[in-house]
Structures are given as structure tokens and as C-alpha cells.
Amino acid sequence: PYRWLEDLNAPETVDWIEAQNAITFEHLSGIPQRKSIEERLTALWDFPKVGAPFKRGGRYFQYRNTGLQNQDVLTTMATYADEGRILIDPNTLSEDGTIALTGIGVSEDGNWVAYATSGSGSDWKTWRIRSVDTGEDLPDVIEWSKFSGIAWLPDSTGFFYGRYAAPEEGTETTGANYNQQLYLHKLDTPQTADKLAYERPDHPKWGFEPVVTDDGAYLILHVSEGTDRRNRLFYRRLEETTFTELIPELEAEYRFLSNTGSVFYLQSDLTAPKGSIIAIDVNRPKQPAWQTLVAEGEDTLEHVEMVHDEFVAIFLHDAYHQLKRFALDGSPLGELTLPALGSIGALQGRREDDEMFYTFSSFTTPSTAYRFDFETGENTEIARPDVDFDAERYITEQIFATSKDGTRVPIFLVHRKDWTKDGQNPTLLYGYGGFNISITPSFMVSRLVWLEMGGVLAVATLRGGGEYGEAWHQAGTIHSKQNVFDDFIAGAETLIASGVTSTPKLAIEGRSNGGLLVGACLTQRPDLFGAALPTVGVMDMLRFHKFTIGWAWVSDYGSSDDPEQFKTLYAYSPLHNTRPAIYPPTLISTGDHDDRVM
């Protein structure tokens, strides 16, 4: 009966949204604590923030924020410790703050930065090119790019990027996105002069992520299909036009790291669900000749960068990070000690560098920048934000719930040291559980205010994510998607049974795929929760694939076009399972022109 809401610009839809917002904000304005919460949020948010510096062509670059700026500002410096100067301030791109900086790529010589902007939360990107010396933009404007970064040519004269055909007017936020193409743009030329580098109209769902190798010899293409974590891998010599299909089938995940001549180093989960590092000589491309350099271990290999001619690897141990080093032959070079149970953010460095930078954060520690010197072995904190929050009053621990089928489900628990397990603690349970995405400890100011008010934060590690490798991910997809909801429900029941909280005091929260999680658990167990916060959730599981990039999620969800998958989707689709019941107070948030989740 609500199909008419799919016409986003219809007067009836606009009227409906205005009526919903009138009810919502009338309710919110009547909450007596609202003003004091807002004041505390504002005060806590107002602290300087920094990203991990990175280097190109002898220059350093870094994202910074003075405190309450809506978006981080890109600065450039002569050394990593310099005050530097502002290169791109996205806060000045529009009066109302709706233009976001959504991508950058600095040229190899450090003289140019290609930067992408997006309007009103859209996934569409418009690329421009700025001189690092003058701060002025070239006249180049590159439109209709989406789901693609860029790869600069080694001589810094241009870059490869992915784009789609311009959509028909009026369908920009609803039309399905197929047939991505790879183009080469040369500096100081119009987009109409860009050269088509690759397309596959016979495979309209393929997407292309380009990489130019460190030695400038090859163009690598990661060929994806929707959100399937598996990918194909093609390559060509940069001066050629024909690609060789090194990995022609969707069999595993392959991420190009670097190369030594014809030997390609890749991160892969082929026969290694928790990840490995392998070497393939493209002159002997068949599997029997492949080498395993870093074999699969007990912990999940999440990310690898090649810095100082070695592999720097981020591992997941029970959903928190560890940082280890390996030589090119795979032999271990040691582990960097991290301050607590937490997460590594950006890890910056290149193969030729003697230094690397990274950020580390936890639930109660803001993102702090570190520098590691490979020559001296010194791991130095270079920027710790000063936040008006007493982290010493709180503790982070990890407990485990048992899901319906006996699976062990980790839960991070953050609370005051002087708390009491009397079942009366207001508790916010957060989860995601999908698309091989790992949910690790993260710093959020809103959670600090929750903790200060006496709340407990619980973050569940659910199947469908990537925390324990590909088997963990697959156990939360398509016909096994109910496992994710069962894990979350088990987490809630454990929090109640152990005296952390009780149903009236327990709120659940999730965003996007996590919004679906909350919607499904809300409709399956409305008796279990005291409040629900589903944000930008995928709620119509029978039609999600008909809009924008929704088709790409079929790898995780399945499709209602398949009769068997239809049954599975229909069984938990929140829209189709909402029925008369006593539901907890629920605040649903969405974007009226969201071109990701319709």
C-alpha cells in the first residue's frame, strides 16, 4: 500500500515526509534533556582532529579539523610535523554545507591533487584537479563518476577513473547503475577528450578499480561484481591497450599490493578463508606456480600495505587489531605494540619510504596519529587530540554470547568502572553483520555522552561481517541471513541474563545493513527491546535491487527474482513482517533522496 512513496518527487510523497517530520520534531522538542545533551555534545566534539600524514613527491599531506568543522580539511606540509597550509577546505564549497569531499588522489610528483565532490549525500562524484603550488583549479571537470577511485600515470600527466553514462534527467537518484567504464583523463583537457580504456557491455554488472604499479610498468584492474567480496584481476603493460585476465573467474578475493618485475604480490583468501599473502609470476600464471608468502593463521588478515620494501599487515583478533611486519619472503619481522583493544585507521606509507604513519583509536580514545621509523624501530605518538572526557573512569571488556545454533558471538562492553550489574543500566546495543565488513572498536563523541549519562555501550560482532574470515561472512548471507538476527538477539538476551540491563532499558541501533538488522529484530522480537533506532535501513527486501546500486547487494541478500530466495527474503523483510504488536518506541531515520538505500 506504500508503493507510491517510490516516486520521491511526487507531491503526495513530499506531503507525507513533511507530516512525518512535524510529528518527529514536535516530540523531540519536548524532551527536557535535549538542550543539555546538545550542549555537552557540542563541547565534546570541539577538539582538533588529525589523520595520518602521507607523502607524495617529497611533500606531506594530512586531513585536519579544528574542532567543529563539518568536514575535514586537506593540508599540505614540507615535513610531517609542519603547521602546513590549507589545500582544500570542503566547508567553503557551498553555503549550506551540502557539498562533501568524497575522494582525493595526489599525483606521483606531488604537484597535483584530483579531488571529488558529492552533493547532498549522493554517491555521484565530480572530479576536479588542483595545483598544490598555487591552490588553483584547472578548468577540467569530470562528471558521472561513481564507486571508483583514480590511478595516476607515473609521469603525473593524467589518471584513470571509472564512470557511468549520464543518467536520464530525473533518474539521478533512482536509476539503476550498470555498465561502468574505465577512462583515461589527461590534465588540462575537457572530459569529452577522455579516452575509453576498458568496458565490458557483455557484463553490465562489472565494476573497475584501477591501480598503476609502483614501478609504473603495469595498469592493474580489480574487476568487481556488485558487493561480492570476490573479484577478478586483469593487467596490461601501461603502454599497451589489451588486458590479460590473470584471475578470470570469481573464485576468491585478490587485492594487488605491489610487484617486483613480473612477480605480483597479492592479498587473497583463496584456500585461506582468513587471508594470506601470495606471489604470482605473470610469466608463469597457473596456480601450481603460485607461492604462499604469509600463510593463513588463527587471526583474520584484514589489510596489507607494502612499506619500506616489506609487508605491513593488520590482523583481527576477536574483532580488535594487531599490527605485524613481514619480509618479502614472508618471514616475520615482529609486531608493533598497540595501546589497547582498538582499531587502526588509515595506514600510510609506500614501498620506497623509511617511515609510515597510522592512526589508532578505541571506544574511549580518539583517533591518535603515530609515526613508525623503520630504520630506528621507534614507534612515536605524533598527535593526540585533547578531549574533555575522563577515559580513566571507564573500562572496555569483551564478553561472549551463544547464538541459537551454538555459535560464539563476541560483544564489546564499555561502561563505568564503578557500575553495578543490577539489570538497571541503560544499554545501547549496536550491530551490523554484513558484506564482509568488520566492526571494530571506534571512537564516537555521541557514545561518550551516553557513557557519561550512565549508559552502557555494547557492540556485537555478528556473522555476515569479516571479523573471522570468509566462512564467518558466508554464514550470514542469503539463506543464512537469519543467523545475523539470531546472533543479535542472543547478544540482547545475554546482556539481560547477565544483569547488565533489562528489556525496558535496552536500546538497539544499526545503520544501512545494520538498519535492516534492527528492523528484522524489531519485527521478530518486539518484546525484547526497550527502544529501537533503525537508520537508513534496507527495509523492503523484495524490491531493494530495483533502485540505484541495490542490485549489487544480491551477493549478500539474494534476490526476490529467484523463487527460493524470495521465500527467504519474505520471511524476514521488515516491511512485510510489520504486523499488529506491542512495539518498543522506535525512531526511524532515512534520507528522502538517498541514492544508496532507496
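Index from 1, following the sequence.
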J.: Is it the case that over 12 heavy atoms from other parts of the model lie below 6.0 angstrom from the CD atom of Glu168?
T.: no
J.: What's the spacing between Glu302 CD and Thr440 OG1 if we round to 0.5 Å?
T.: 6.5 Å
J.: Using a 3.5 Å distance criterion without hydrogens, assess whether the side chain of Thr300 forms a donor-acceptor pair with backbone atoms of Gly469.
T.: yes
J.: State, yes or no, whether a side-chain contact exists between Leu93 and Gln71 at a heavy-atom distance under 4.5 Å.
T.: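 No, side chains not in contact.
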J.: Output yes when Lys55 and Glu355 qualify as a salt bridge under the 4.0 Å nitrogen-oxygen rule, no when they do not.
T.: yes
J.: Are the side chain of Ser276 and the backbone N or O of Ser268 linked by a donor-acceptor pair below 3.5 Å?
T.: yes
J.: Decide, yes or no, whether a salt bridge links Asp188 with Lys186 under the criterion of side-chain N to carboxylate O below 4.0 Å.
T.: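 Between Lys186 and Asp188 there is no salt bridge, as every charged N stays at least 4.0 Å from the carboxylate O atoms.
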J.: Can Leu347 and Met356 be said to form a side chain to side chain contact (heavy atoms under 4.5 Å, CB included), step by step?
T.: CA-CA 7 Å; Leu347 195 158; Met356 74 173 177; 4.0 Å; yes
J.: Would you say Asn283 has more than 12 foreign heavy atoms packed within less than 6.0 Å of its CG?
T.: yes
J.: Are any of the side-chain nitrogens in Asp269 or Arg229 under 4.0 Å away from the carboxylate oxygens of its partner?
T.: yes
J.: Please report the interatomic distance NE2(His473) to CD(Glu253), rounded to the nearest 0.5 Å.
T.: 10.0 Å
J.: Between Thr75 and Gln62, is there a donor-acceptor pair closer than 3.5 Å when you use the side chain of the first and the backbone of the second?
T.: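 Side chain of Thr75 to backbone of Gln62: a pair is present.
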J.: Determine the minimum heavy-atom distance between Ala197 and Phe243, stating which atoms define it.
T.: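 Minimum heavy-atom contact is O-CE1, 3.9 Å.
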J.: Taking Gln69 for its side chain and Asn91 for its backbone only, find out whether a donor-acceptor pair lies under 3.5 Å.
T.: no
J.: Roughly how far, to the nearest 0.5 Å, is CD of Glu209 from CD1 of Ile150?
T.: 10.0 Å
J.: Considering only heavy atoms from C-beta outward, does the side chain of Leu238 approach that of Leu153 to under 4.5 Å?
T.: yes
J.: Any non-hydrogen side-chain atom of Pro48 less than 4.5 Å from a side-chain atom of Pro385?
T.: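 No; the side chains remain at least 4.5 Å from each other.
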J.: I'd like to check Pro90 versus Ile99 (side-chain heavy atoms, cut-off strictly below 4.5 Å). Are they in contact?
T.: no
J.: Show, in sequence, the C-alpha distance, side-chain angles and deciding distance for Asp137 and Tyr115, and conclude whether the side chain to side chain contact (heavy atoms under 4.5 Å, CB included) test is met.
T.: CA-CA 10 Å; Asp137 285 354; Tyr115 68 98; 2.5 Å; yes
J.: Check the pair Phe160, Leu221 against side chain to side chain contact (heavy atoms under 4.5 Å, CB included), reporting the backbone distance first and the verdict last.
T.: CA-CA 10 Å; Phe160 296 95; Leu221 270 194; over 6 Å; no
J.: Go through Lys546 and Glu6 one step at a time and tell me if the salt bridge (Lys or Arg N to Asp or Glu O under 4.0 Å) criterion holds.
T.: CA-CA 11 Å; Lys546 296 183 180 293; Glu6 291 179 356; over 6 Å; no
J.: Between Lys324 and Gly334 (side chain of the first, backbone of the second, donor and acceptor by atom type, cut-off under 3.5 Å), is there such a pair?
T.: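 Between the backbone of Gly334 and the side chain of Lys324 there is no qualifying donor-acceptor contact (under 3.5 Å).
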J.: Give a yes or no on whether Gln287 atom CD has more than 12 heavy-atom contacts from other residues, nucleotides or ligands under 6.0 Å away.
T.: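 Yes.
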J.: Does a sphere of radius 6.0 Å around CD in Gln291 hold more than 12 heavy atoms from other residues, nucleotides or ligands, not counting ones at 6.0 Å or beyond?
T.: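 Incorrect, the count does not exceed 12.
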J.: Less than 4.5 Å apart, side chain to side chain, heavy atoms only: is that true for Val212 and Pro154?
T.: yes
J.: Between Phe159 and Trp152, is the ring centre distance below 6.0 Å?
T.: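 So the answer is yes for these two rings.
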J.: What I'd like to find out is whether the side chain of Asp140 reaches to under 4.5 Å of the side chain of Gln191, using heavy atoms alone.
T.: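 With C-beta onward as the side chain, the pair stays apart.
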J.: So Trp553 and Tyr557, would you call those rings parallel, tilted or perpendicular, with 30° and 60° as cut-offs?
T.: perpendicular
J.: With no hydrogens and no angle check, just 3.5 Å: does a side-chain donor-acceptor pair link Ser258 and Asp214?
T.: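 A pair is found: one side chain offers a donor N or O, the other an acceptor, under 3.5 Å apart.
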J.: Picking from Arg232, Lys205, Arg200, what satisfies salt bridge (Lys or Arg N to Asp or Glu O under 4.0 Å) with Glu225?
T.: Arg232
J.: Roughly how far, to the nearest 0.5 Å, is CZ of Phe147 from NZ of Lys125?
T.: 9.0 Å
J.: Begin with the C-alpha distance, continue with both residues' side-chain angles, and end with the deciding distance and a verdict on side chain to side chain contact (heavy atoms under 4.5 Å, CB included) for Val106 and Arg59.
T.: CA-CA 10 Å; Val106 181; Arg59 306 179 197 252; over 6 Å; no
J.: Going by atom types alone, do Asp133 and Ser131 pair a side-chain donor with an acceptor below 3.5 Å?
T.: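 No, no side-chain donor-acceptor pair sits under 3.5 Å.
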J.: Counting distance only, does the side-chain N/O of Thr359 pair as donor-acceptor with the main-chain N or O of Gly51 below 3.5 Å?
T.: no
J.: Please answer whether the main-chain N or O of Pro167 pairs with a side-chain N or O of Glu172 as donor and acceptor at a distance below 3.5 Å.
T.: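 No; zero donor-acceptor contacts below 3.5 Å.
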J.: Side chains of Ile220 and Thr213: does their closest heavy-atom pair fall under 4.5 Å?
T.: yes
J.: Within this structure, what is the OH-CG distance for the pair Tyr183 and Asp194, rounded to the nearest 0.5 Å?
T.: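 Between atom OH of Tyr183 and atom CG of Asp194 there are 8.0 Å.
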J.: Can you tell me how the ring of Phe61 sits relative to the ring of Phe54, calling it parallel under 30°, perpendicular over 60° and tilted otherwise?
T.: parallel
J.: Any side-chain heavy-atom pair from Val312 and Tyr358 closer than 4.5 angstrom?
T.: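 Val312 does not reach Tyr358 side chain to side chain.
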J.: Using distance alone, with no hydrogens and no angle criterion, decide if Ser122 and Asp595 have a side-chain donor and acceptor under 3.5 Å apart.
T.: yes
J.: For residues Tyr265 and Thr260, is any side-chain donor paired with an opposing acceptor at under 3.5 Å?
T.: yes
J.: Is it the case that the side chains of Asp281 and Ser262 hold a donor-acceptor pair, with the cut-off being a distance below 3.5 Å and no angle test?
T.: yes
J.: Test your reading of the model: is there a side-chain donor-acceptor pair from Asp556 to the backbone of Phe435, 3.5 Å cut-off?
T.: yes
J.: Ring pair (Phe, Tyr, Trp, His ring centres under 6.0 Å), that's the test. Do Phe264 and Phe256 meet it? Break it down for me.
T.: CA-CA 7 Å; Phe264 287 9; Phe256 180 84; 5.3 Å; yes
J.: Rounded to the nearest 0.5 Å, what separates atom CZ in Phe47 from atom CG in Leu68?
T.: 10.0 Å
J.: Within the distance-only criterion (no hydrogens, no angle test), does the side chain of Thr368 pair as donor or acceptor with the backbone N or O of Pro366 below 3.5 angstrom?
T.: yes
J.: Is the closest side-chain donor-acceptor distance between Arg255 and Asn231 under 3.5 Å?
T.: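 Side-chain D/A pair, Arg255 to Asn231: absent.
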J.: Over 60° means perpendicular and under 30° means parallel, so classify the ring planes of Tyr178 and Trp551, tilted if in between.
T.: parallel
J.: Indicate whether the side chain of Tyr218 and that of Arg237 have a donor and an acceptor atom separated by less than 3.5 Å.
T.: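 A pair is found: one side chain offers a donor N or O, the other an acceptor, under 3.5 Å apart.
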J.: Please determine whether a side-chain nitrogen of the Lys or Arg among Arg230 and Glu249 lies less than 4.0 Å from a carboxylate oxygen of the Asp or Glu.
T.: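 Not counted as a salt bridge, because no side-chain N and carboxylate O are separated by less than 4.0 Å.
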J.: Any donor and acceptor pair, going by atom type alone, linking the side chain of Ser107 with main-chain N or O of Ser156 inside 3.5 Å?
T.: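 Not a single qualifying donor-acceptor pair exists.
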J.: Inspect the contact between Arg596 and Asp594 and indicate whether a charged nitrogen and a carboxylate oxygen are less than 4.0 angstrom apart.
T.: no
J.: Do His308 and Glu375 have side-chain N/O donor and acceptor atoms under 3.5 Å apart?
T.: yes
